[in-house]
Amino acid sequence: MALTVHKYGGTSMGSPERIRSVARRVAKWARAGHQMVVVPSAMSGETNRLLGLAKELSPEHTTPELLREFDMIASTGEQVSSALLAIALQAEGMQAVSYAGWQVKIATDSSFTKARIESIDDARVRADLAAGKVVVITGFQGVDPEGHITTLGRGGSDTSAVAVAAAMKADECLIYTDVDGVYTTDPRIVAEARRLKTISFEEMLEMASLGSKVLQIRSVEFAGKYRVPLRVLSSFTPWDIPIDEEARSGTLITFEEDEKMEQAVVSGIAFNRDEAKISLMGVTDKPGIAFMILGPVAEANIDVDVIIQNVSHDGRTDFSFTVHRNDYARTMDLLKAKVLPVTGATDLIGDAKICKVSIVGIGMRSHVGVASRMFSVLSDEGINIQMITTSEIKTSVVIDEKYMELAVRALHKAFDLEQAAAA
Ligand code: ADP
Ligand code: ASP
Ligand code: MG
C-alpha cells in the first residue's frame, strides 16, 4: 500500500470551501488505497495577520524570549487549518485525526522563527495509518528540546511535508499549491513563463535559494538528502480528476542529471526583493578587514549573502555586502556602533531598494559566455549592475529594485524561456 504525503498551501486552504475541496481530493486518494498523511499551511493571510498583531505590540523582536512568543502565535494558524481539514475529512466519511508538531513529535532546534527539524518520531502516525485513519499534521512547526513550540521560517510547511515524507519513507510527496508547477520564472511576473515538466534537484535548490518561493529551500534540501520523490502541482484542478492524471501533472523534481542533457542552458530565472545592500566606504585595506566588518555581523546571527570588495586606492577600499531586509536596520546599528569606529571607514551607506536577479541552469556548466550574455541583455535595457556573484550553475546580479521586472522579462526572453507560441 503506497504511503503518500500531500501538502496544501495557504491559498489551497484559504476558505471552508477550499478546505472541503482538499478533503474530497484527499479522500479520493485514500479510497484508491493510499495511506495518506496531509500537511496543511495556515489559511492564506493568517500567518501575516498573526505576526502583524505581535509586531503591533513589539516592532523590535530580536530577543529569544520575544521570538519564542512570536512562534507561539504564528504556529496557531496551522493548528486551526489542520483541525478544520480533519473535520472536513470526517464530514466526507473518512476517519481522520490532526496533530500539532509537538504531538507527533517533530523535534527541532531552538532557533525560534527559523528552527531546523532534527528528528521526527512517526510511531503515533504509523499506528493511526494502520488503523485506517488519514493523518493531518500541522505544517511550519515543531518543538524544541525544552518543549517550546518553534516555527521553521516563512514557507516552512513545504519543509514539514518533505521531512515527514523522508522520515516515513513515503512513496511520494505532492506539494499542492496555487500554480500548476514550477515555471521558468514566477508566472505572476512574466505571463509567458513556461511550466517545466521536470526540474533537476540542483536547479530547484538554486531557484529556491535565490528567491523562487514556490518551494522553501529546506524542503528541497531534505528531498535531496533523502531522495524523496517530490512533485509540485495545482490544488485548483477539479478534485475528482482521475488519480493517474493528477499524479502525472505538475513538475517533478528529478535526481538524474542526464535527463536534462539536451535542454536549455538556462532553465529558470529567480529574483529576490528581500535583501538590502550596505557599503562601508574608504575602509583601510589591510589583512583581516573582511573579518573585522563581517565578524560582528555573524556574531549577531545575521546572514550575509553577496559580498564585494573594490580594488584599493591609496590603501583604502569600499566594502559592500547584502543582508535580509529584516536584518537591515539591526546591521546598520551594529556597524555604526562596533565597526565604523575601528575600520577607519569614511562613510556607511545603506540601500534597501535593491533586488537580486539570477539565471539558473545546469547547462551553464558546459557553456561559456552565459554570464556575459546576461550582462549584455541588462546593458541593452540600461540597467546598471551593482554586484555580481556566480557559481557553477547560476549567475546573480544585484540591481536597483525598480528595474526588477524589466530585467526578469528581458532575460526570460533573451534566454528563450518563453512558451512556444500557439500554432
Ligand atoms: P503556497 O501557499 O501553496 O505554499 P506560495 O505562495 O508559497 O504557495 O508559492 C507559490 C507561488 O510561488 C506562486 O503563486 C508563484 O507566484 C510563486 N513562484 C515564484 N517563482 C515561481 C516559479 N518559478 N514557478 C512557479 N511559481 C513561482
Ligand atoms: N503559514 C506559514 C507561512 O505563511 C508557513 C507556510 O505557509 O508554509 O509562512
Ligand atoms: Mg509556500
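In listed order, ligands and their atoms are each counted from 1.
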Q: Counting from 1, what ligand 1 atoms have a heavy atom of S212 closer than 4.0 Å?
A: 20 (N)
Q: Just to confirm my output: which protein heavy-atom neighbour is closest to atom 2 (O) of ligand 1, and how far is it?
A: G10 N, 3.1 Å
Q: Under the side chain to side chain contact (heavy atoms under 4.5 Å, CB included) criterion, do L230 and L215 qualify, and how do the steps go?
A: CA-CA 11 Å; L230 184 63; L215 283 179; 4.2 Å; yes
Q: State the atoms of ligand 2, each with its element, that fall below the 4.0 Å cut-off from a heavy-atom position in R154.
A: 3 (C), 4 (O), 9 (O)
Q: Is any N or O atom of G155, backbone or side chain, closer than 3.5 Å to an N or O atom of ligand 2?
A: yes
Q: Considering only protein heavy atoms, determine whether one is less than 4.0 Å from atom 6 (O) of ligand 1.
A: no
Q: Which protein heavy atom lies closest to atom 23 (N) of ligand 1, and at what distance to 0.1 Å?
A: Y183 O, 3.0 Å
Q: Any ion pair linking R365 and E202 (charged N to carboxylate O, less than 4.0 Å)?
A: yes
Q: Can you tell me if K7 contacts ligand 1 (heavy atom of the residue under 4.0 Å from the ligand)?
A: yes
Q: If you look only at pairs with a residue in residues 181-218, which of them pass as a ring pair (Phe, Tyr, Trp, His ring centres under 6.0 Å), with sequence neighbours excluded?
A: F201-F255
Q: Give the residue and atom name of whichever protein heavy atom lies nearest to atom 11 (C) of ligand 1, and the separation in Å to one decimal.
A: D178 OD1, 3.9 Å
Q: Could you walk me through whether S82 and S98 pass the side chain to side chain donor-acceptor pair (under 3.5 Å) check?
A: CA-CA 6 Å; S82 294; S98 71; 5.9 Å; no
Q: Could you find the nearest protein heavy atom to atom 14 (O) of ligand 1 and give me its residue, atom name and distance?
A: R188 NH2, 2.6 Å
Q: Are S157 and P40 packed together at the side-chain level, in the sense that at least one heavy-atom pair is separated by less than 4.5 angstrom?
A: no
Q: Among the heavy atoms of P187, does any lie under 4.0 Å from an atom of ligand 1?
A: yes
Q: Starting from atom 27 (C) of ligand 1, locate the nearest protein heavy atom and write down its residue, its atom name and how far away it is, to 0.1 Å.
A: V214 CB, 3.7 Å
Q: By number and element, which atoms of ligand 1 are closer than 4.0 Å to a non-hydrogen atom of V182?
A: 24 (N)
Q: Show the atoms of ligand 2 that are less than 4.0 angstrom away from any heavy atom in S41.
A: 6 (C), 7 (O), 8 (O)
Q: Within the 4.0 Å heavy-atom shell around V179, which atoms of ligand 1 are there?
A: 13 (C), 14 (O), 25 (C), 26 (N)
Q: Assess whether side chain to side chain donor-acceptor pair (under 3.5 Å) is satisfied between E275 and T322, documenting all intermediate values.
A: CA-CA 6 Å; E275 292 188 23; T322 65; 2.7 Å; yes
Q: Just heavy atoms, cut-off under 4.0 Å: does E78 contact ligand 2 by side chain, backbone, both, or neither?
A: side chain
Q: Taking the side chain as everything from C-beta on, heavy atoms only, tell me whether M204 gets closer than 4.5 Å to V214.
A: yes
Q: Would G181 count as a contact of ligand 1 if the rule is a heavy atom under 4.0 Å away?
A: yes
Q: Quick one: nearest non-hydrogen protein atom to atom 8 (O) of ligand 1, plus distance?
A: T177 OG1, 3.2 Å
Q: Counting C-beta onward and ignoring hydrogens, is there a side-chain heavy-atom pair between D351 and E401 closer than 4.5 Å?
A: no
Q: Quick check on G156 - does any of its heavy atoms sit under 4.0 Å from an atom of ligand 2?
A: yes
Q: Taking the side chain from T138 and the backbone from G101, do they hold a donor-acceptor pair closer than 3.5 Å?
A: yes
Q: Quick one: does ligand 1 sit under 4.0 Å from the side chain of I175, the backbone, both or neither, non-hydrogen atoms only?
A: neither
Q: List the closest protein heavy-atom neighbour of atom 15 (C) of ligand 1: residue, atom name, distance to the nearest 0.1 Å.
A: D186 OD1, 3.3 Å
Q: Are L205 and I217 packed together at the side-chain level, in the sense that at least one heavy-atom pair is separated by less than 4.5 angstrom?
A: yes
Q: Could you walk me through whether D274 and K213 satisfy the salt bridge (Lys or Arg N to Asp or Glu O under 4.0 Å) test, starting with their C-alpha distance in whole Å, then the side-chain angles of each, then the deciding distance to 0.1 Å, before giving a yes or no?
A: CA-CA 12 Å; D274 296 338; K213 291 185 178 133; 3.0 Å; yes
Q: Judging by distance only, is a nitrogen or oxygen of S157 under 3.5 angstrom from one on ligand 2?
A: yes
Q: Looking only at protein heavy atoms, which one is nearest to atom 9 (O) of ligand 1, and how far off is it?
A: K213 O, 3.5 Å
Q: Relative to each other, are the rings of Y8 and H6 parallel, tilted or perpendicular (30° and 60° limits)?
A: perpendicular
Q: Side chains of C173 and V162: closer than 4.5 Å at any heavy-atom pair?
A: yes
